[in-house]
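For ligands, and for the atoms within them, numbers begin at 1 and follow the listed sequence. As the structure is a computational prediction, the values presented were derived from the model and not from experiment.
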Amino acid sequence: MITLAIETSCDETAAAVLDNDGNVLASEIATQIDLHRAYGGVVPEVASRNHLLKMRPVLLKTLEVAGVSLPEIDVFAATAGPGLAGALLTGNTTAKALALAHKKPFVSVNHMEGHLLSPFMSQPDGICPCVALVVSGGHTMLIHLRGFGDYHLCGSTRDDAAGEAFDKVAKMIGLQYPGGPEIDKLSKEGNPKAYDFPRSMLSREDHDFSFSGLKTAVLYRLDKLEHPLEACRPDLCASFQEAVVDVLTKKTLRLAQSLGENLITVSGGVSCNSHLREAFQERADNAGLTLLIAPPALTTDNAAMIAYVAWQKAQRGLYSTLEEDVNPNLKLVQATHVV
Ligand code: KG4
Ligand code: ZN
């Protein structure tokens, strides 16, 4: 079963093809970051228009790299949400049109399920029970994953998502969009102990997060800097990043231990962060837990993770109708499809 998936939930136009066994044959991404950088964030209308421009070249390139032609595709899939409505529609409608034209089934995929399952791609044991942390630009979720389609949401952010906090703090200190990779880079030259930023919700027993207090603490600190901002930036970045990573690692490990799960997974754009990856590895090793984090290329938005979910669903006969619409607010619990 050859699967082709399209992902256009935000500002990446992406397509991927998986082979019969779920291996990635091709995964192409055309990023629009340079276009949106001038505005300091993603402009929905600009994103939709550019998806339309990039869709055909990205699809053709993906098929070329995979070495397959459209009639050889057995399943067409696309992201249905969450994301920007206009952006979602471009990829979703393209995949549906291809499915219709080639008389093949269509599978609708929840973007967050793509992130959630991405660490399992190319793992010999496939999807295993674990505690999963999903940290992206719009979501911060702690999930007890008991099997494919069996997801229990244990905690989430009460305000900003972790990636959103990275992007907003970066903007505050004069770094360009998207802020996560910029803070990651600058932190390497900074001292993570230079500023004692708050670790919100860490002392609480629940599994929720909050990052808006940390963001405000950085903002207030900017008024009291002992040196010009330029000189303080690396220390500000490293201290902020340390506070985020500290909360994410400790709360994830705590949940795994309380549920008796010895596998933890971390996914989503923020899991590209180099310090987060190192800290998780070190703390999981110390706690005797196994850690799975997707390779960096699969952490930020891509269509390979969407194709992987579609491949899992198609194997179980979980096809979608062409009437199934996109949903900008699609929830992961709606992805629950125990079979
Ligand atoms: O998963 P993703 O590509 O898109 C969403 O589904 O939201 O995540 C994007 C987020 C952005 O907030 C971006 O700043 C953050 O992931 N990000 C990072 C890094 N790379 C991307 N955050 C911290 N460190 C990074 N290296
Ligand atoms: Zn994403």
Does this structure show an ion pair linking [X] with [Y], if we count only N-O contacts that are shorter than 4.0 Å?
X: D246; Y: R283; answer: yes
X: E226; Y: R221; answer: yes
X: D206; Y: R254; answer: no

Would you mind listing which atoms of ligand 1 come within a distance below 4.0 Å of any non-hydrogen atom of [X]?
X: T300; value: 3 (O), 21 (C)
X: G138; value: 7 (O)
X: H115; value: 1 (O), 6 (O)
X: C272; value: 20 (N), 26 (N)
X: G163; value: 12 (O)

Please report which non-hydrogen protein atom sits nearest to [atom], along with the residue it belongs to and the distance in Å to one decimal place.
atom: atom 22 (N) of ligand 1; answer: G180 CA, 3.3 Å
atom: atom 2 (P) of ligand 1; answer: D301 OD1, 3.3 Å
atom: atom 6 (O) of ligand 1; answer: H111 NE2, 3.2 Å
atom: atom 24 (N) of ligand 1; answer: N273 ND2, 3.0 Å
atom: atom 17 (N) of ligand 1; answer: G269 O, 3.5 Å
atom: atom 9 (C) of ligand 1; answer: G137 N, 3.7 Å

Apply side-chain hydrogen bond (donor to acceptor under 3.5 Å, both in side chains) to residues E72 and S69 and explain how you reach the verdict. CA-CA 5 Å; E72 290 175 278; S69 61; 3.0 Å; yes
Check [X] against ligand 1 and report side chain, backbone, both or neither, counting heavy atoms closer than 4.0 Å.
X: H139; result: neither
X: E12; result: neither
X: D184; result: side chain

Under the criterion side chain to side chain contact (heavy atoms under 4.5 Å, CB included), I'd like the reasoning laid out for L145 against L117: C-alpha separation, chi angles, the key distance, then a yes or no. CA-CA 10 Å; L145 185 158; L117 300 186; 3.8 Å; yes
How far apart are the closest heavy atoms of A287 and L253, and which atoms are they?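 The pair with the smallest heavy-atom distance is CB-CD2, 4.0 Å.
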Answer whether the closest heavy-atom distance between the side chains of D184 and C272 falls below 4.5 Å.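 No, too far: nothing below the 4.5 Å cut-off.
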Identity of the N, O or S atom of [X] lying closest to the Zn ion (ligand 2):
X: D301; value: OD1
X: H115; value: NE2
X: H111; value: NE2

So between V270, D167, T299, whose heavy atom ends up nearest atom 12 (O) of ligand 1?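 Residue with the shortest heavy-atom distance to the ligand atom: D167.
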Could you tell me the separation between the CZ atom of F211 and the CD atom of E164, rounded to the nearest 0.5 Å?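 Here the rounded value is 10.5 Å.
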Please confirm whether C10 approaches ligand 1 to less than 4.0 Å, judged on its heavy atoms.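 No; C10 lies far enough from ligand 1 that no heavy-atom distance drops under 4.0 Å.
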Begin from the C-alpha positions of H144 and D150 and carry the test side-chain hydrogen bond (donor to acceptor under 3.5 Å, both in side chains) through to its verdict. CA-CA 8 Å; H144 188 197; D150 188 359; over 6 Å; no
Carefully, step by step, assess Q281 and R277 under the rule side-chain hydrogen bond (donor to acceptor under 3.5 Å, both in side chains). CA-CA 6 Å; Q281 194 60 65; R277 298 174 78 91; over 6 Å; no
For P178 and ligand 1, does the shortest N/O to N/O distance drop below 3.5 Å?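 P178 vs ligand 1: no N/O contact under 3.5 Å.
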Determine, using the 4.5 Å side-chain heavy-atom cutoff (strictly less than), whether V17 and M121 are members of one ILVMFWY cluster.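 Hydrophobic grouping puts V17 apart from M121.
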Counting heavy atoms not belonging to K171, are there more than 12 under 6.0 Å from its NZ?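 Open.
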